[in-house]
There are 2 protein chains.
Amino acid sequence: MVGPTDDLDLIGRRTAQRACVVRALIDHGGFVGARALHGILESQGARVGLNTVYRTLAALVGAGRADVVRDRGGERLFRHRPFPEHQHYLLCRVCGLSTPVDSEAVESWAERVAEASGFAEVEHTVELTGLCPRCRSHPTY
Amino acid sequence: MVGPTDDLDLIGRRTAQRACVVRALIDHGGFVGARALHGILESQGARVGLNTVYRTLAALVGAGRADVVRDRGGERLFRHRPFPEHQHYLLCRVCGLSTPVDSEAVESWAERVAEASGFAEVEHTVELTGLCPRCRSHPTY
DNA sequence: CTAGTAGTGACAATCATTTCCATCTACGGT
DNA sequence: ACCGTAGATGGAAATGATTGTCACTACTAG
Ligand SMILES: [Mn+2]
Ligand SMILES: [Mn+2]
Ligand SMILES: [Zn+2]
Ligand SMILES: [Zn+2]
């Protein structure tokens, strides 16, 4: 396990704003959009520009310290990734709660398909979404 | 195999515009964006509003006659689906060429993960992208 | 401490998609 | 064939996420 400090080292200069963004992303735990994260920071009294939130998240993704998925509306949702390994998640469509899933089977499947295809530089995106037990009971307040 | 006629029956009234959109989508063969499809129609002299292109594609998706993926920029790409079965594709990031892939392994994997998770209404998106043999050789003209 | 460069943020721009709404038309009665 | 009308069209404006611009700020190497 690593902390926010390690993330900051990977993405350039250490600024108060980036520290806030990384801190908030880690605290949130699940997948969260840039605008929502910016809202959280505002409610904490942290003065960080939305643009900086976007840039910091992009930097984290580039450094392999965050994962990205697209929600139904096409918005990008980010989640901090404490470990360097490639991950896939099952996430709740309502609250963003996410749990890593064992993706051994898909990884090997994707590799097999890629080889048989004649295509080069094959990449894959795999996303599972559903309703978590908690949101499942709630009558969508 | 079914033709454009069958598609039109599924999505409401038969209008010249919808016929054009469905025809163009089928002729294109691979995945294509709404705007690009609209451009194709324009170059054919077909007077169809972009709005109608979007609506027709949405209707096809709703009727299960088209598949959707997101490209890297977040744009939605559509492909006509002649058969009713759920499909996954390997598609070229450059030209949009797509080939259905056998996804038996992922389907069962997704089902297994869903059951073990406690989540309800679990859905999945699986996309493979790469460079097709043709685009692979071309030096990105 | 200072220079120099990377980072910041208010604002404008972009881009795909949706919403509005006035107008049109396909089509099931008659 | 003729209506009436719900459904369809399309131009323009709105939306919403993301990126570009650029003057200003503040890390940090030396
Ligand atoms: Mn994977
Ligand atoms: Mn599937
Ligand atoms: Zn939930
Ligand atoms: Zn290609």
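Reminder, nothing fancy here: chain letters follow the sequence lines and each chain counts from 1.
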Quick one: is T15(A) getting a side-chain N or O under 4.0 Å of the dT8(C) phosphate, OP1 or OP2? yes

In whole Å, I'd like the distance from the NE2 atom of H38(B) to the P atom of dT17(C). 14 Å

Pairing residues for S98(A) by the side chain to side chain donor-acceptor pair (under 3.5 Å) criterion, not counting sequence neighbours: R79(A)

Partner residues of F31(A) under the ring-ring contact (aromatic ring centres under 6.0 Å, His included) criterion, sequence neighbours left out: Y89(A)

Given axes from five pairs at either end, by how many degrees does the helix from dC1(C)-dG30(D) to dT30(C)-dA1(D) bend, rounded to 10°? 40°

My understanding is that only residues two or more places apart in sequence, or in another chain, count here; which of them pass ring-ring contact (aromatic ring centres under 6.0 Å, His included) with H38(A)? none

Expressed as a whole number of angstroms, how long is the span from D71(B):CG to dC15(C):C1'? 12 Å

All heavy atoms of L91(A) vs all of G96(A), minimum pair found to be CB-O, 4.5 Å

Under 6.0 Å between ring centres: does that hold for H124(B) and H88(A)? no

Which pairs would a plain distance check flag for residues 42-52 of chain A, meaning a side-chain donor or acceptor within less than 3.5 Å of a matching protein atom at least two apart in sequence or in another chain?
residue : atom : partner : partner atom : Å
S43(A)  : OG   : I40(A)  : O            : 2.7
N51(A)  : OD1  : R55(A)  : NH1          : 3.4

Which residues pass the salt bridge (charged side-chain N to carboxylate O under 4.0 Å, His left out) test with D27(B), sequence neighbours left out? R23(B)

Does anyone know the first and last nucleotide of DNA chain D in reach of chain A, 5' to 3', at under 4.0 angstrom to a heavy atom? dA17(D) to dT28(D)

Run the salt bridge (charged side-chain N to carboxylate O under 4.0 Å, His left out) test against E123(B) and tell me which residues pass, sequence neighbours left out. R72(A), R93(A)

Report all interatomic pairs (protein N or O, nucleotide N or O of nucleotides 18-25 of chain C) with separations under 3.5 Å.
residue : atom : partner : partner atom : Å
dT19(C) : O4   : N51(B)  : ND2          : 2.5
dC20(C) : N4   : N51(B)  : ND2          : 3.4

Output all residues satisfying salt bridge (charged side-chain N to carboxylate O under 4.0 Å, His left out) with E115(B), sequence neighbours left out; order by chain, then residue number. none

What is the nucleic acid contact for I11(A), judged by heavy atoms within less than 4.0 Å: base, sugar-phosphate only, or nothing? sugar-phosphate

E111(A): side-chain contact (heavy atoms from CB on, under 4.5 Å) partners, not counting sequence neighbours: none

Shortest non-hydrogen contact from V94(A) to L131(A)? CG2-CD2, 3.8 Å

Heavy-atom contacts under 4.0 Å between residues 41-49 of chain B and DNA chain D, which residues? R47(B), V48(B), G49(B)

Hey, mind stepping through D9(B) and R14(B) against salt bridge (charged side-chain N to carboxylate O under 4.0 Å, His left out) and telling me if it holds? CA-CA 7 Å; D9(B) 288 333; R14(B) 311 175 61 86; 2.7 Å; yes

Comparing Q17(A) with Q17(B), nearest DNA chain C nucleotide closer to 5' gives the residue Q17(A)

For R18(A), answer base if it contacts any base atom (sugar-phosphate contacts may also be present), sugar-phosphate if it contacts only those atoms, and nothing otherwise; contact means non-hydrogen atoms under 4.0 Å. sugar-phosphate

Specify the closest pair of heavy atoms between T56(B) and V21(B), including all atoms of both residues, with the distance to one decimal. CG2-CG1, 3.8 Å

